[in-house]
Amino acid sequence: MDWADIIGYWPFVLGMLATGVVSGVAAGLLGIGGGAVIVPALSTALLWMGFDSEVVQHVAVGTSLAIIIPTGIMSARAHHKRGALDMDVFKLWAPFIVAGTFIGGLMAGWYSGDVLRIVFAVMAFVIAANIVFSFQTRLMGHLHGSKPTHRAAAFVVGYLSSLMGIGGGSLTVPTLVAFGQTMHKAVGTSAAIGVAIALSGTLGFLISGWGVSDLPPLSVGYINIVALVLVGAMAAVCAPFGAALAHRLDQKTLKYVFAAFLVAVGLNMLWKVLAG
C-alpha cells in the first residue's frame, strides 16, 4: 500500500473514531449496543469507498455486533456498579438470546444486502413507534410473570438483533419495561444482555461470511478488523460516560430524541434500497 492509499483511508479512520464516540455514549445512555449508529455509519463509509453493495451491509452488521462486545461490557459494568443490573432476568434471557442471535447470524448469509436493509428499516420504525406510543406495554404487560413469554421474547429479540447488527437494547429495554422493570434497571440489564447477543451474533457472522469474495481488506468473515479496532476502542472508552449521563438526564426527552433518530436511519436505509 503506497502513501496515496494510506492518505485515502484517513477520512474512513476519522469517521470510524467519531462513530465510536457517538455509539459508546449511546450505549451507556440508552442501554443500546450502539448498532443503530454503527451499522448505517459503517455501511455508508464502505459504499463511499467503492466496496460491493451486496456485502457492505453484511460487513456493517457483523462488525457492529463484534464492536458491541467491548461497548456492552463497559456499559454493563458501569450500570452494575450502580445496582441497575437484574441478574435473575439476565440468567433467564441469556440462553435464548444466544440461540436466537447465533441462528440469525448463520442465516444472514442467505439474505441479500437489501433484505437486511429492509429488516433494519422496518424494525427501526417499529421501535420508534413503540417508544412514542408504548403499545408493547399494553400488549405484553399482563405477561410479565410468564417465564415462557420471557424466553420467547428473548429468542425473537436475539434473532432480529443479529440481522440488524444491534445489541438488542432498543428491543430489550421496552420489553423489560413492559414486563415491569424500571427504566434504569431495564437499561442496565439490557446492556449485559447485549454482550450475549454480540458474542453469539459475531460468531454466526464470522462463520456465514467465511470465504465470501469481495470483502473489504482485513476482514475475517463479515467482521472488518479495522472498523472493529477503531470504533470498538472509542466506544468502550465512552460508554461509561453515557451510563453516568443516563442517571442524570430526563429519560422521556432521551426516548423521543432516540425515536426521531431511528426514523431518520430507517428512511435512509429504505432510500438505499430504492435508489439501488
Side-chain angles (χ1 to χ4, degrees), residues 8-9 11-23 25-27 30 32-68 104-105 107-133 135 159-171 174 201 205 208-209 212 214-216 219 222-224 226-227 230-231 235 254-276:
Y9 270 90
F12 177 74
V13 170
L14 294 176
M16 290 302 96
L17 290 173
T19 300
V21 172
V22 176
S23 63
V25 172
L30 299 166
I32 65 174
V37 176
I38 297 168
V39 171
L42 182 54
S43 63
T44 299
L46 292 174
L47 281 173
W48 282 350
M49 294 177 71
F51 293 108
D52 185 357
S53 62
E54 272 305 300
V55 301
V56 157
Q57 190 69 14
H58 294 75
V59 172
V61 170
T63 306
S64 172
L65 287 167
I67 291 167
I68 288 167
M107 291 178 63
W110 299 356
Y111 305 133
S112 68
D114 280 346
V115 168
L116 292 184
R117 292 183 185 96
I118 291 170
V119 169
F120 191 104
V122 170
M123 289 308 304
F125 295 148
V126 171
I127 293 165
N130 187 48
I131 289 172
V132 175
F133 301 109
F135 59 80
Y159 184 81
L160 292 173
S161 297
S162 181
L163 296 184
M164 293 177 71
I166 63 176
S170 46
L171 296 170
F205 271 85
S208 64
V212 173
D214 298 323
L215 292 172
S219 293
Y222 287 127
I223 316 300
N224 182 256
V226 177
L230 294 176
V231 180
L254 291 173
K255 287 194 294 182
Y256 286 129
V257 170
F258 186 48
F261 170 76
L262 286 172
V263 171
V265 170
L267 290 172
N268 180 55
M269 286 290 180
L270 286 183
W271 172 252
K272 288 178 180 177
V273 174
L274 295 174

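Residue numbers start at 1 and run along the sequence shown. Note that these values count all heavy atoms, side chains included, but never hydrogens, waters or copies made by symmetry. Only a predicted model underlies this, so the values are computations on that prediction, with no experimental measurement involved.
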Exercise. Yes or no on side chain to side chain contact (heavy atoms under 4.5 Å, CB included) for V39 and Q57, after CA distance, side-chain angles and deciding distance?
Worked result: CA-CA 8 Å; V39 171; Q57 190 69 14; 3.5 Å; yes
For this session: Working to the nearest 0.5 Å, report the span between CG of L46 and NE2 of H58.
Result: 13.5 Å
Exercise. Closest approach of M269 and P40, non-hydrogen atoms and distance?
Worked result: CE-CA, 3.9 Å
Exercise. Within the distance-only criterion (no hydrogens, no angle test), does the side chain of S64 pair as donor or acceptor with the backbone N or O of I38 below 3.5 angstrom?
Worked result: no
For this session: Please collect all salt bridge (charged side-chain N to carboxylate O under 4.0 Å, His left out) contacts where either partner lies in residues 258-271, sequence neighbours excluded, each pair once.
Result: none
Problem set entry | Beyond-backbone contact of I127 with L171, side-chain heavy atoms, under 4.5 angstrom | yes
Side-chain polar contacts of residues 115-126 - donor-acceptor pairs under 3.5 angstrom, sequence neighbours left out - could you list them?
| unit_1 | atom_1 | unit_2 | atom_2 | d |
| --- | --- | --- | --- | --- |
| R117 | NH1 | G113 | O | 3.4 |
| R117 | NH1 | D114 | OD1 | 3.0 |
| R117 | NH2 | S53 | O | 3.1 |

For this session: Report the distance from atom CD1 of I223 to atom CG of L65, rounding to the nearest 0.5 Å.
Result: 7.0 Å
Exercise. Atom CD1 in I68, atom OG in S161: separation rounded to 0.5 Å?
Worked result: 8.5 Å
Exercise. Nearest heavy-atom pair of G209 and L215: which atoms, and what distance?
Worked result: O-CD1, 4.0 Å
Exercise. Is a donor on one side and an acceptor on the other found under 3.5 Å between the side chain of S162 and the backbone of Y159?
Worked result: no
Problem set entry | By side-chain hydrogen bond (donor to acceptor under 3.5 Å, both in side chains) - contacts of T19 (at least two apart) | none
For this session: Heavy atoms only: give me the nearest N224-P216 pair and the separation to one decimal.
Result: ND2-CB, 3.8 Å
Problem set entry | Non-neighbouring partners of A129 that pass side-chain contact (heavy atoms from CB on, under 4.5 Å), sequence neighbours left out | F133, F135
Problem set entry | Exercise: identify the closest heavy-atom pair between A60 and L42 | CA-CD2, 3.7 Å
Seminar exercise, completed: Residue set satisfying ring pair (Phe, Tyr, Trp, His ring centres under 6.0 Å) with F205, at least two apart, ordered chain then number -> none
Exercise. What residues form a side-chain hydrogen bond (donor to acceptor under 3.5 Å, both in side chains) with S208, not counting sequence neighbours?
Worked result: none
Exercise. Taking all non-hydrogen atoms of both residues, which atom of S43 and which atom of V56 are closest, and how far apart?
Worked result: O-CG1, 3.3 Å
Seminar exercise, completed: Scanning both residues in full, the closest heavy-atom pair of A41 with M16 reads O-CE, 4.3 Å
Exercise. Does a side-chain heavy-atom distance below 4.5 Å link L17 with V13?
Worked result: yes
Exercise. Can you check whether T63 reaches Y222 side chain to side chain, under 4.5 Å on heavy atoms?
Worked result: no
